[in-house]
Undergrad: 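First, the structure itself, so that you have it in front of you.
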Number of protein chains: 2
Amino acid sequence: MASMKHKKAEQTRARILSAALPLMLEGGYEKMTMRAIAKQAGLSPGAAYYYFETKEHIIHAFYAQTHEEHRLACREVLDQAKTLQDRLKGVVQAQIRISQPYHAVSKALFKVAADPNHTLSPFSDDSRELRHRAMALFDEVVRGSKTKVSAPLADYLPGLLWMFHMGIVLFWVHDSSPQQEKTWRFIDRTVPLLIQLIRLSKLPFFGSALQAAIALLDDFQFLRLPAADAREPEVENDTTAPPLRGS
Amino acid sequence: MASMKHKKAEQTRARILSAALPLMLEGGYEKMTMRAIAKQAGLSPGAAYYYFETKEHIIHAFYAQTHEEHRLACREVLDQAKTLQDRLKGVVQAQIRISQPYHAVSKALFKVAADPNHTLSPFSDDSRELRHRAMALFDEVVRGSKTKVSAPLADYLPGLLWMFHMGIVLFWVHDSSPQQEKTWRFIDRTVPLLIQLIRLSKLPFFGSALQAAIALLDDFQFLRLPAADAREPEVENDTTAPPLRGS
DNA sequence: AAAGATTTTTGAACATGTTTAAAGTACCGT
DNA sequence: ACGGTACTTTAAACATGTTCAAAAATCTTT
């Protein structure tokens, strides 16, 4: 097990990732074989498995990396934009901008993500930490804006916005228009719609329907953002995987 | 290539499927190895590949089979129920009822389905026929009801209902509550909500928002149901795969 | 029924993800 | 420096999805 007491371990881990990414970019998921990665990193295949439980865990590490990039890019947005609409749009656009270089490859990423079965799905328990970190971003989107949200919705709004965000990414993955321009237009169109919906939800008019809709969400526990003090502490540039097998 | 000029071919195909399903039910997707299937069917592994391009194509055949079952079960519903709500709920419930025996296994099914990359995803070109057949069902749901739907929405409603239906299935796949009771409750709650939303959409109040929302859907071409006369003719109990490799 | 063409089956081979026992290396306390 | 402990690496092996050239079976034509 890679306990990293000896710091060389972390380097090796990073080396494997650095070896894997170009292979992925060149030949896609299939061509990125464990043997090729190992050779490129100057290791035997078995060693790679010492650091990554599975080939797909390498993908997951990429996922975590771009998530960090995204968080960084969001700081800027969240410091500037004041309205809920601008903040939301900014955060979502940042994600797409960050991911652009990897578009050709992201289908493989999403393949892992979309599989409900899989430990590495964003909805799974194993991805909880990453998910919560992403949801915290949307919590900040809401809190930092002047828009007030009524209590029952407020609890779920970060989770809902995260889901919206996942929807955008899903769209983007499928989007084969040049430069993924359709995705940008899609964002421009859906964000205002969503904001409007949130506004409308305040009208007493919607009371009963909203109530019903929110009651539904109780069946989606993973959408709940735990209280800030109960969350895992933020780690500096943590692209580290969970403990490896056997530990 | 399996041209099926000799009718024995179809039998063999069926035999492979019959051999595969129990293996799937017992040990899940992983344990259902091609070698095991072949042995069970009394063939060599290579022969199995003569009939199914890929292991996942076998899964797709299951998918097509339950779809046929579903269509059958829907006839009953669609002959009886008159209101839009009852018809929609009936069709969705039928799907869940049909799929119940396969719940343990459906994650593997959905794994294939959810992968955007994959030829066999319900959103892909290769699945168009199956998808259109499913959407036609929802077209019938709407047409057979007394509810009138305004023109711009009407074009997309079957596709939207199909997506709703896919959402329910997604929920069901994840639902590990006993007997999947959460799914049934989920249906009971979401269907009325959806119906209400359709009703509301008629209010002039919603004009602009609806217009914007519908404009969005132009980017989802796969949601469009082609005109009835342009559709592939219905085939009796067709669980057949598309032409095999090389042809 | 024989020859020819087409469809089906085989069995071995290949590439890849993954496991594992054993060997190698670094660190730590004495 | 030594010995022990924990960490890292290796090479070979395994199971599985898949391919393929050749053989066998079946059908068609003469």
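Within every chain, numbering begins at 1; the chains are lettered A, B, ... in the order of the sequence lines, protein sequences first and strands thereafter.
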Undergrad: What is the separation between atom OH on B/Tyr50 and atom P on D/dA22, rounded to the nearest whole Å?
TA: 18 Å

Undergrad: Taking CD from A/Gln11 and C1' from D/dC7, how many angstroms apart are they, rounded to a whole number?
TA: 15 Å

Undergrad: Report the distance from atom NZ of A/Lys39 to atom C1' of D/dT10, rounded to the nearest whole Å.
TA: 15 Å

Undergrad: Enumerate the protein-to-nucleotides 14-18 of chain C contacts in which both atoms are nitrogen or oxygen and the separation is below 3.5 Å.
TA:
unit_1, atom_1, unit_2, atom_2, d
C/dG17, OP1, A/Lys55, NZ, 2.7
C/dG17, OP2, A/Met34, N, 2.8
C/dG17, N7, A/Arg35, NH1, 2.8
C/dG17, O6, A/Arg35, NH2, 2.7
C/dT18, OP2, A/Tyr49, OH, 2.8
C/dT18, OP2, A/Lys55, N, 2.9
C/dT18, O5', A/Tyr49, OH, 3.3

Undergrad: Report the distance from atom OH of B/Tyr51 to atom P of C/dT7, rounded to the nearest whole Å.
TA: 12 Å

Undergrad: List the residues meeting side chain to side chain contact (heavy atoms under 4.5 Å, CB included) with B/Glu181, not counting sequence neighbours, and say none if there are none.
TA: B/Ser177, B/Pro178

Undergrad: Starting at atom CD1 of B/Ile58, determine the distance to atom C1' of D/dT18, rounded to an integer number of angstrom.
TA: 12 Å

Undergrad: Side-chain donor-acceptor contacts of residues 15-24 of chain B below 3.5 Å, not counting sequence neighbours, with atom names and distances?
TA:
unit_1, atom_1, unit_2, atom_2, d
B/Arg15, NH1, B/Ala41, O, 2.4
B/Ser18, OG, B/Ala14, O, 2.8

Undergrad: With A/Ala73, which residues qualify under side chain to side chain contact (heavy atoms under 4.5 Å, CB included), at least two apart?
TA: A/Ala94, A/Ile98

Undergrad: Which residues pass the side chain to side chain contact (heavy atoms under 4.5 Å, CB included) test with A/Ala134, not counting sequence neighbours?
TA: A/His67, A/Trp162

Undergrad: Between D/dT8 atom P and A/Glu10 atom CD, what is the distance in whole Å?
TA: 10 Å

Undergrad: Using the side chain to side chain contact (heavy atoms under 4.5 Å, CB included) criterion, which residues pair with A/Thr190? Sequence neighbours excluded.
TA: A/Phe164, A/Ile168, A/Phe186, B/Leu216

Undergrad: Please check if the number of heavy atoms outside A/Gln179 that lie under 6.0 Å from its CD is greater than 12.
TA: no

